[in-house]
Student: 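Submitted below is the structure of interest, expressed as structure tokens.
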Amino acid sequence: MARIDARVTRNPFDPETEEAAFRASLVRSGALVAFTGMVRGEDGSDPVTALELQHYPGMTEAAMRERAEAVAARFDLEAVLAVHRVGRLAPGEPIVLVACAAPHRRAAFEAADMLMDFLKSRAPFWKKEHRESGPVWIEPRSEDYEDARRWDEGTP
Amino acid sequence: MARIDARVTRNPFDPETEEAAFRASLVRSGALVAFTGMVRGEDGSDPVTALELQHYPGMTEAAMRERAEAVAARFDLEAVLAVHRVGRLAPGEPIVLVACAAPHRRAAFEAADMLMDFLKSRAPFWKKEHRESGPVWIEPRSEDYEDARRWDEGTP
Amino acid sequence: MTRILFFGRLSDLAEAEDVSLPADVTDTEALRGWLSARDARLGEALARPGIKVALNQAILPAPAPVGPGDEVAFLSPLSGG
Amino acid sequence: MTRILFFGRLSDLAEAEDVSLPADVTDTEALRGWLSARDARLGEALARPGIKVALNQAILPAPAPVGPGDEVAFLSPLSGG
């Protein structure tokens with residue numbers, strides 16, 4: 001079973017520092033896929049001034065680990081890293097880092113893709129965008145739910 | 001059209017340093033997918049002691065840029081980075097870094113996946129593994145060709 | 001006491017609280033009705049599609065018994081990543 | 001002079017060279033034949049499936065004319081990434 005490191009952080013984190021430590025820990029991987037999600041600021045006429053991320057302390061950490069374990073059970077991975085920021089974020093700041101290391105590249109790509117799909121619509125986080133026009137709670141788009149369903153057992 | 005930075009290097013490179021500079025250059029992306037390929041050392045009873053990577057100076061750089069442009073033409077990307085090492089590499093050393101930044105995560109994932117498939121079987125690099133039992137030239141597996149074909153126009 | 005929590009959009013409408021449930025509030029569905037009767041705006045938000053209920057940090061597939069010592073959370077649609 | 005290059009597995013069998021092509025070697029296919037006649041081991045390797053020919057750094061879909069000033073490369077199956 002892959003090594004799993006899943007964390008929630010209220011402090012800013014540096015994706016490349018996390019990735020470098022993750023990469024240094026690998027002994028049998030030929031492929032590492034890392035996804036970094038960042039707060040988008042520019043968005044037409046009503047820019048985002050801040051992003052607020054809420055979580056459910058305890059439940060969120062457990063859910064992240066459970067999602068990472070589901071991914072590790074499906075693909076031949078050496079290690080999985082998931083770091084998710086909460087609190088108030090400025091445009092450009094990293095929200096999430098997911099990194100999957102595997103002997104072969106297809107497993108690394110698909111694992112990172114799957115874990116992001118799960119974090120997007122199946123982990124207890126809530127996002128509120130503060131815009132010049134006021135705050136807006138963000139809910140997954142129907143394609144986010146569909147993306148996550150791609151990985152369900154028995155789904156065509 | 002996305003900004004493209006495609007390079008061949010004979011010197012070792014640091015994927016996280018490259019990624020940090022790449023990420024700092026972004027202004028409209030919410031998603032960054034980075035693939036790092038590394039020399040695998042452990043491999044059963046006949047470990048790889050070194051990997052030798054050959055390229056065709058001039059043609060290889062042009063082909064990398066062309067492949068990156070094909071990817072950028074297909075997905076909504078802000079920027080594409082591709083760094084490919086040549087020369088003699090030790091186990092664990094990074095061979096290739098591909099990073100794709102996009103407003104949305106699906107484009108970033110698919111673009112990085114496509115560019116890697118193309119570099120694997122459609123860019124002029126040649127790989128020779130030095131093993132304890134002697135040197136072996138590596139050729140793409142049939143699945144590498146199939147992976148690359150997934151992106152061809154008109155392929156189902 | 002039973003701990004009640006609200007997340008996402010719902011957290012704009014109600015604060016976390018520790019309550020002594022009335023005798024007739026014995027499951028999560030009755031709890032939802034009780035909260036809605038106390039606060040019409042919250043009630044409307046709790047009736048929206050996509051609201052999930054977690055009991056002791058596990059999302060419930062269907063209403064479940066609830067009592068003293070339990071932690072019940074009302075979750076707006078999840079949105080991470 | 002015409003520049004001839006070999007990559008991948010082929011580079012173990014032959015060195016890059018600048019040659020004056022005989023009068024009857026006017027396309028890449030004839031060049032392959034001429035090289036094979038000079039060196040049977042190289043010829044065998046050049047006949048393997050998957051060998052590609054590049055003229056002036058562009059891979060050829062079919063044999064093409066070649067002459068002085070051209071650069072012809074024989075490429076073993078590509079294997080990057």
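For clarity, every value in this text was computed on a predicted model and none was experimentally measured. In what follows, chains carry the letters A, B, and so on, assigned in the order in which the sequence lines appear, proteins first and then strands, with residues in each chain numbered from 1.
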Student: Please determine, among B/E52, B/M116, B/E139, the option with the most heavy-atom pairs under 4.5 Å with chain D.
Tutor: B/E139
Student: Report the C-alpha distance between B/F125 and D/L78 in whole Å, list the side-chain angles of each, state the deciding distance to 0.1 Å, and finish with yes or no for side chain to side chain contact (heavy atoms under 4.5 Å, CB included).
Tutor: CA-CA 6 Å; B/F125 291 99; D/L78 314 181; over 6 Å; no
Student: Is B/K128 in contact with chain D via its backbone, its side chain, both, or neither, using a 4.5 Å heavy-atom distance?
Tutor: side chain
Student: Tell me, for D/L5 versus chain B, whether the close heavy atoms (under 4.5 Å) come from the side chain, the backbone, both or neither.
Tutor: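 When you check distances to chain B, only side chain atoms of D/L5 fall under 4.5 Å.
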Student: Nearest 0.5 Å please: distance from the OH atom of B/Y56 over to the OG atom of D/S11.
Tutor: 13.5 Å
Student: Between B/I138 and chain D, which part of the residue has a heavy atom less than 4.5 Å away: side chain, backbone, both or neither?
Tutor: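 Both the backbone and the side chain of B/I138 come within 4.5 Å of chain D.
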Student: Could you please spell out the steps behind the side chain to side chain contact (heavy atoms under 4.5 Å, CB included) verdict for D/S76 and B/W126?
Tutor: CA-CA 8 Å; D/S76 302; B/W126 296 270; 4.0 Å; yes
Student: Counting only heavy atoms closer than 4.5 Å, note whether B/R85 contacts chain D via side chain, backbone, both or neither.
Tutor: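 Neither part.
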